[in-house]
**Student:** 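One structure follows; several queries about it will come next.
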Amino acid sequence: MGNTVTCCVSPDASPKLSRARGGGGAAPGPERWADAYQAAAAGGGGGGGSGSAEAESGDSDPGGGGGPHLQHISDREFPDDLALESNPSDHPRASTIFLSKSQTDVREKRKSNHINHVSPGQLTKKYSSCSTIFIDDSTVSQPNLRSTIKCVTLAIFYHIKNRDSDRSLDIFDEKSHPLTREEVPDDYYKHDPDHKHIYRFVRTLFSAAQLTAECAIVTLVYLERLLTYAEIDICPSNWKRIVLGAILLASKVWDDQAVWNVDYCQILKDITVEDMNEMERHFLELLQFNINVPASVYAKYYFDLRSLADDNNLSFLLEPLSKERAQKLEAISRLCEDKYKDLSKAAMRRSFSADNLVGIRRSNAILS
């Protein structure tokens, strides 16, 4: 071996600086998109850094290993909580940006009601009783489409209203790249859109493209990731194109049968395929091709959206439990109970030699 070692990285190069972010995908079927985007990110750059390099003995690890200083994998990750907070779309423990931006308005509203002695009014939420049981069909695995879109657009509304500044890029500017043939007014950047305007825009895209509620949550993840990575703000001049780019990317990553760019041109009659392709390329580059959405991050955004709905009296739809639905739930409960009994018997047989074995007591759930 001698005093030299062969490696695939130049001794003057920094592994941390040369490393690109990984880009997996959100289930189902994101792997093929992640591989394609990673290949696009690495295209044209694979020929220059494959040569061997020799490290002199003076470059060895001062800790006493005698070998060259090699970077540990842990050194490449985010080392402190500051990095977690700056990338909430990548880490499940970091709080979402939209929820923190909405808390300012929520606190002011509660303070104003307390000072002015404003009564909360008639309760609009439905509560279960002995005679009627209300159920919420929106779950983390199957969110309600209408309620989820309302919550996502409300999060976008708070992003625009409580933005720090008006940092933007030309590719997302609606004046430079209009979505319609109508002339954009000169003061287009001064007027913030209201929640209903944002909701109608997003609802039209989701209805025409037949997108799912899960896609709406991934759209919000990509939107906050773009604002963090590119260090820009979503404002009146760029919100439509940023939201459109996030929806375009989320639909391709999430759905197995994604919507083509030309299909969006059928929805937005005046936009061209070339413009859509260019915006998608810029969006991916600004995300550093990191399209991975872990299940923990997805769940965090879902429950934070529910918290946002509760703070703004935007309740999810509740429906009374019908007799047919109760019978289906009871059948599912019996099936799960039978499986649990089989597992319990197997566990009892394995531990039958234990002294003073006490049987497992189970109470049956009754739906009436």
Side-chain angles (χ1 to χ4, degrees), residues 84-128 134-164 192-203 206 213-228 233-236 239 242-243 246-247 250 293 296-319:
L84 298 180
E85 292 297 331
S86 62
N87 295 280
S89 61
D90 291 330
H91 305 281
R93 291 188 287 111
S95 59
T96 54
I97 302 176
F98 71 85
L99 192 61
S100 60
K101 286 184 177 294
S102 66
Q103 293 306 308
T104 303
D105 288 39
V106 172
R107 286 193 295 266
E108 290 179 357
K109 186 184 300 183
R110 291 174 179 173
K111 183 178 179 181
S112 176
N113 293 339
H114 178 72
I115 294 176
N116 299 324
H117 303 284
V118 177
S119 174
Q122 186 178 1
L123 295 177
T124 58
K125 291 185 178 180
K126 299 178 180 179
Y127 296 92
S128 300
F134 291 98
I135 58 174
D136 181 4
D137 280 335
S138 181
T139 62
V140 67
S141 59
Q142 291 183 340
N144 179 269
L145 178 60
R146 182 170 175 267
S147 300
T148 303
I149 293 179
K150 278 190 175 182
C151 294
V152 169
T153 52
L154 185 61
I156 297 173
F157 167 77
Y158 279 118
H159 264 291
I160 300 174
K161 181 181 179 181
N162 299 326
R163 63 188 183 275
D164 298 328
D192 293 350
D194 57 7
H195 179 217
K196 292 183 179 180
H197 187 192
I198 302 174
Y199 173 73
R200 286 195 297 267
F201 178 77
V202 176
R203 184 191 60 184
F206 270 73
E214 297 88 346
C215 186
I217 299 177
V218 178
T219 296
L220 184 59
V221 175
Y222 287 157
L223 188 146
E224 291 203 343
R225 187 172 295 176
L226 174 73
L227 302 182
T228 303
D233 301 282
I234 183 169
C235 52
W239 73 269
I242 288 180
V243 171
I247 293 175
V293 180
S296 54
V297 172
Y298 173 88
K300 176 188 67 175
Y301 272 80
Y302 170 80
F303 288 110
D304 281 1
L305 285 172
R306 293 197 67 117
S307 299
L308 180 68
D310 292 337
D311 293 338
N312 292 270
N313 297 324
L314 187 65
S315 58
F316 280 63
L317 297 178
L318 296 177
E319 296 181 358

**Student:** Could you give the distance from CD1 (Ile149) to CZ (Phe206), rounded to the nearest 0.5 Å?
**Tutor:** 5.5 Å
**Student:** For a 4.5 angstrom cut-off between non-hydrogen side-chain atoms, does Arg200 reach Ile198?
**Tutor:** no
**Student:** Which residues pass the side-chain hydrogen bond (donor to acceptor under 3.5 Å, both in side chains) test with Thr139, sequence neighbours left out?
**Tutor:** Ser141
**Student:** Quick one: list whatever passes side-chain contact (heavy atoms from CB on, under 4.5 Å) with Leu154, sequence neighbours left out.
**Tutor:** Phe157, Tyr158, His195, Leu308, Asn312, Leu314
**Student:** CG of Asp194 to OG1 of Thr153: how many Å apart, nearest 0.5 Å?
**Tutor:** 10.5 Å
**Student:** Can you list the residues that meet the side-chain hydrogen bond (donor to acceptor under 3.5 Å, both in side chains) rule with Asp192, with sequence neighbours excluded?
**Tutor:** Arg163
**Student:** Do the non-hydrogen side-chain atoms of Asp233 and Leu227 ever get within less than 4.5 Å of each other?
**Tutor:** no
**Student:** Measure from the side-chain N and O atoms of Lys300 to the backbone N and O of Ser89, and report whether any donor-acceptor pair falls under 3.5 Å.
**Tutor:** no
**Student:** Report the residues that fulfil ring pair (Phe, Tyr, Trp, His ring centres under 6.0 Å) with Phe201, sequence neighbours left out, ordered by chain and then residue number.
**Tutor:** Trp239
**Student:** So which atom in Asp304 and which in Phe98 form the shortest heavy-atom distance, rounded to 0.1 Å?
**Tutor:** CB-CZ, 3.6 Å
**Student:** Does some side-chain heavy atom of Leu226 sit less than 4.5 Å from a side-chain heavy atom of Tyr222?
**Tutor:** no
**Student:** Among residues at least two apart in sequence or on other chains, which ones pass ring pair (Phe, Tyr, Trp, His ring centres under 6.0 Å) with Tyr199?
**Tutor:** none
**Student:** Can you tell if the side chain of Asp311 reaches within under 4.5 Å of the side chain of Gln103, non-hydrogen atoms only?
**Tutor:** yes
**Student:** Does either side chain, that of Tyr301 or that of Glu224, offer a donor lying less than 3.5 Å from an acceptor on the other one?
**Tutor:** yes
**Student:** May I have all residue pairs that pass salt bridge (charged side-chain N to carboxylate O under 4.0 Å, His left out) and include part of residues 152-161, sequence neighbours excluded?
**Tutor:** Asp105-Lys161
